[in-house]
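Okay, structure first, notes after.
Labels below follow one simple rule: chain letters A, B, ... track the order of the sequence lines, proteins then strands, and each chain is numbered from 1. Only this structure's heavy atoms are used, side chains among them; waters, hydrogens and symmetry mates stay out.
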Amino acid sequence: MPELPEVETVRKTLKQLVLNKTINDISIFWPKIIKQPDDVEEFKHLVIGQTIMDIERKGKFLLFQLNEYVLVSHLRMEGKYGVFNHQEPVSKHTHVIFHFREGDELRYNDVRKFGTMHLFRKGEELVSKPLNQLGPDPFEEKFILNDFFDKIHKSERAIKNILLDQSVVAGLGNIYVDETLYRARIHPLRKGSQLSKTEVESLQHFSIETLAEAVKQGGTTIRSYVNSQGQIGMFQQQLFAYGQENKPCKNCGTMISKIKVGGRGTHFCASCQKE
DNA sequence: TAGCTCTCCTGAGAGC
DNA sequence: TGCTCTCAGGAGAGCT
């Protein structure tokens with residue numbers, strides 16, 4: 001499940017492969033992935049002839065900077081990009097192919113078909129859904145403690161659910177929320193309104209630290225994630241909580257518990273993270 | 001307005 | 001061996 005570190009790794013590896021390539025044609029096999037514009041034929045018409053000038057990231061979104069447009073892509077659960085020779089066989093889970101003038105092609109593969117693509121004229125992407133709904137990226141200067149505390153403190157939701165809310169902070173998903181809460185020694189079911197400013201400061205610190213370490217390791221591969229060069233991430237070897245149920249806590253030896261919070265599998269140490 | 005539930009979607013794994 | 005059921009989960013829509 002690509003979260004910020006995985007998307008950042010995809011961005012870096014993909015950029016090396018597609019920069020300055022011009023889109024000659026597009027094949028779309030699952031039109032529901034295209035969310036903006038509504039008409040898939042219009043999407044094709046606008047993108048054909050455009051050159052990929054840069055690839056940026058905001059939260060878990062990839063932003064393909066074209067000449068006149070910005071393609072905003074979310075990988076959701078299992079979306080992947082890869083560059084292939086046009087003669088290589090196409091996987092049954094490949095849903096969009098960008099054919100390049102240079103002869104190779106960028107393929108979007110997504111087993112669960114959850115991924116999305118929005119196309120905007122340059123400048124409109126940041127004032128339109130979905131990007132205008134996002135809170136600060138944890139690596140941005142805009143990720144300010146006072147704002148973070150205000151958003152958390154006014155909520156009666158469980159802190160696990162608050163941290164998964166992309167309008168509070170953009171980029172955390174289920175894995176890194178569990179890891180951040182473990183490192184900050186905060187129980188996932190505690191209400192936002194109950195957290196002290198010191199605890200929120202700890203959450204801010206450990207979210208940035210955890211994500212930065214994961215970026216260095218190329219992300220976390222739980223089931224299927226690989227970067228755009230087909231390499232898996234390595235951060236799964238450093239997980240303290242996520243996927244560690246019924247294994248001893250690396251801090252105190254208590255078995256890691258797993259519960260459901262907001263429909264998400266949630267892993268924590270009942271001894272280190274008191275409710 | 002806040003917060004909860006449902007929905008989309010398919011592969012893996014368990015149980016029979 | 002093959003079938004059915006459950007689970008995994010990001011985010012938007014819809015409901016209370």
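- With sequence neighbours excluded, the residues that form a side-chain hydrogen bond (donor to acceptor under 3.5 Å, both in side chains) with A:Ser73 are A:Tyr81.
- Contact annotation for A:Lys92: backbone-only contact, meaning every heavy-atom pair under 4.0 Å involves sugar-phosphate atoms and none involves a base.
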For nucleotides 9-14 of chain C, give me one character per nucleotide, 5' to 3': B if any protein heavy atom sits under 4.0 Å from the base, S if the only such contacts are to the sugar-phosphate, - if neither. BBBS--
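- Using modelled atom types, one side-chain atom of A:Lys122 and one backbone atom of A:Leu66 make a donor-acceptor pair closer than 3.5 Å.
- Which of B:dC4, B:dC8, B:dT10 sits closest to the side chain of A:Lys32 comes down to B:dC8.
- Between its two ends, the helix from B:dA2-C:dT16 to B:dC16-C:dG2 turns its axis by 50°, counting five pairs per end and rounding to 10 degrees.
- Residues of residues 146-160 of chain A that place a heavy atom closer than 4.0 Å to DNA chain B, in numerical order, are A:Ser155, A:Glu156, A:Arg157.
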Solution key, residues 160-176 of chain A side-chain donor-acceptor pairs under 3.5 Å, sequence neighbours excluded:
residue, atom, partner, partner atom, Å
A:Lys160, NZ, A:Asn174, OD1, 2.5
A:Lys160, NZ, A:Asp178, OD1, 2.6
A:Lys160, NZ, A:Thr266, OG1, 3.2
A:Asp165, OD1, A:Ser167, N, 2.9
A:Asp165, OD1, A:Ser167, OG, 2.8
A:Asp165, OD2, A:Arg157, NH2, 2.9
A:Asp165, OD2, A:Ser167, OG, 3.4
A:Gln166, OE1, A:Gly171, N, 2.8
A:Gln166, NE2, A:Leu164, O, 3.1
A:Gln166, NE2, A:Leu172, O, 2.9
A:Asn174, ND2, A:Gly265, O, 2.9
A:Tyr176, OH, A:Glu6, OE2, 2.6
A:Tyr176, OH, A:Thr220, OG1, 2.6

In residues 248-263 of chain A, what donor-acceptor pairs under 3.5 Å come from side-chain atoms, sequence neighbours left out?
residue, atom, partner, partner atom, Å
A:Lys250, NZ, A:Leu239, O, 2.7

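- Taking the six-membered ring for Trp and the full ring otherwise, the centers of A:Tyr69 and A:Phe120 sit at least 6.0 Å from each other.
- Residues satisfying the side-chain hydrogen bond (donor to acceptor under 3.5 Å, both in side chains) criterion with A:Ser196, sequence neighbours excluded, are A:Glu199.
- In this structure, the side-chain hydrogen bond (donor to acceptor under 3.5 Å, both in side chains) partners of A:Gln16, at least two apart in sequence or on a different chain, are A:Gln229.
- Judged as a ring pair (Phe, Tyr, Trp, His ring centres under 6.0 Å), the pairs with a partner in residues 255-275 of chain A (not counting sequence neighbours) are, in order, A:His187-A:Phe268, A:Tyr242-A:His267.
- Following rounding to the nearest Å, A:Lys80 (NZ) and B:dT10 (C1') show an atom-to-atom distance of 12 Å.
- Side-chain atoms of A:His86 and A:Glu105 include no donor-acceptor pair closer than 3.5 Å.
- Judged by distance alone, the side chain of A:Asp137 and the main-chain N or O of A:Lys58 form no donor-acceptor pair under 3.5 Å.
- Residues satisfying the side-chain hydrogen bond (donor to acceptor under 3.5 Å, both in side chains) test with A:Glu156, not counting sequence neighbours, are A:Ser193.
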Give every pair of a protein N or O atom and an N or O atom of nucleotides 3-6 of chain C that lie under 3.5 Å apart, one pair per line with the distance.
none

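- For A:Asp104, the salt bridge (charged side-chain N to carboxylate O under 4.0 Å, His left out) partners at least two apart in sequence or on another chain are A:Lys21.
- Straight-line distance from the CG atom of A:Leu75 to the P atom of B:dT10: 18 Å, rounded to whole Å.
- A:His74 and A:Phe61 have their aromatic ring centers within a separation under 6.0 angstrom.
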